[in-house]
Amino acid sequence: AQSVAQPEDQVNVAEGNPLTVKCTYSVSGNPYLFWYVQYPNRGLQFLLKYITGDNLVKGSYGFEAEFNKSQTSFHLKKPSALVSDSALYFCAVRLADTGFQKLVFGTGTRLLVSP
Amino acid sequence: DAGVTQSPTHLIKTRGQQVTLRCSPKSGHDTVSWYQQALGQGPQFIFQYYEEEERQRGNFPDRFSGHQFPNYSSELNVNALLLGDSALYLCASSPYASSYNEQFFGPGTRLTVL
């Protein structure tokens with residue numbers, strides 16, 4: 001069975017500083033990994049995904065994530081945080097190479113960027 | 001392209017009642033998945049529809065049922081509502097043929113059970 005862990009309920013960072021939101025996963029096979037962001041009273045917006053290839057994935061709004069197979073991690077990063085990045089971030093995993101599209105989500109990490 | 005749309009936006013029901021939520025997928029998408037997001041939690045997979053059939057189901061009771069129509073739109077039905085069914089219900093669509101593609105989510109329906 002697949003699972004995702006987001007060990008931090010909240011991450012605080014000052015505007016202009018780099019940010020990291022952590023994610024580790026467990027899956028019996030090759031993973032497809034995703035990051036989504038959720039703003040208040042909104043649905044989930046796709047940020048980026050890892051399918052195969054380069055371990056460093058670049059996505060929307062300057063976000064990137066690094067896939068580390070040995071540590072089963074997929075941490076979300078951004079070199080310089082903006083106040084507008086403050087939101088709820090979800091990491092998700094699904095089993096690769098199958099037709100099944102069920103996504104398993106972590107519990108989310110709230111990012112708070114202070115001016 | 002309107003993206004994934006859901007209706008209604010908000011809904012208030014009482015225990016024991018039944019509710020129907022609706023979803024229209026993004027243009028070109030033929031697969032619809034439903035998720036339940038309780039307050040402070042990540043979305044939990046309910047089920048997925050493709051070609052008008054339920055293809056996968058999460059750990060939800062039979063009170064949760066669904067339907068997909070020939071135009072790919074979908075409904076989620078919940079019978080005998082419980083207080084614990086209060087949540088944000090999210091619909092997501094994707095093209096089944098490209099299983100590595102991301103799912104696109106709608107804005108959700110906020111269900112409150114009193």
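Proteins get letters first, then strands, A, B, ... in listed order; numbering begins at 1 in each.
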Trainee: Which residues in residues 44-66 of chain A have a heavy atom less than 4.5 Å from any heavy atom of chain B?
Mentor: A:L44, A:F46, A:K49, A:I51
Trainee: Do A:L111 and A:V4 sit in the same hydrophobic cluster, where Ile, Leu, Val, Met, Phe, Trp and Tyr count as joined when their side-chain heavy atoms come under 4.5 Å apart?
Mentor: yes
Trainee: So does B:N71 have more than 12 non-hydrogen atoms from other groups sitting under 6.0 Å from CG?
Mentor: yes
Trainee: Heavy-atom distance under 4.5 Å to chain B: side chain of A:Q38, backbone, both or neither?
Mentor: side chain
Trainee: Any link between B:Y72 and B:Y50 through a network of hydrophobic side chains (Ile, Leu, Val, Met, Phe, Trp, Tyr) touching at under 4.5 Å?
Mentor: no
Trainee: According to a hydrophobic-cluster definition based on side-chain heavy atoms being under 4.5 Å apart (Ile, Leu, Val, Met, Phe, Trp, Tyr only), do B:Y89 and B:F104 belong together?
Mentor: no
Trainee: Within residues 34-43 of chain B, which residues come under 4.5 Å of chain A, heavy atom to heavy atom?
Mentor: B:Y35, B:Q37, B:G40, B:Q41, B:G42, B:P43
Trainee: If you count the non-hydrogen atoms of other residues, nucleotides and ligands that lie under 6.0 Å from CZ in B:R57, is the total more than 12?
Mentor: yes
Trainee: Quick one: CD on B:Q103 to NZ on A:K102, what's the gap to the nearest 0.5 Å?
Mentor: 12.0 Å
Trainee: Are A:V37 and A:V11 connected into the same hydrophobic cluster when the rule is that any two of I, L, V, M, F, W, Y join if their side-chain heavy atoms are below 4.5 Å apart?
Mentor: yes
Trainee: What about B:F47 and B:L90, same hydrophobic cluster or not, with Ile/Leu/Val/Met/Phe/Trp/Tyr joined at side-chain heavy-atom distances under 4.5 Å?
Mentor: no
Trainee: Does CD belonging to B:E75 count more than 12 external heavy atoms closer than 6.0 Å?
Mentor: yes
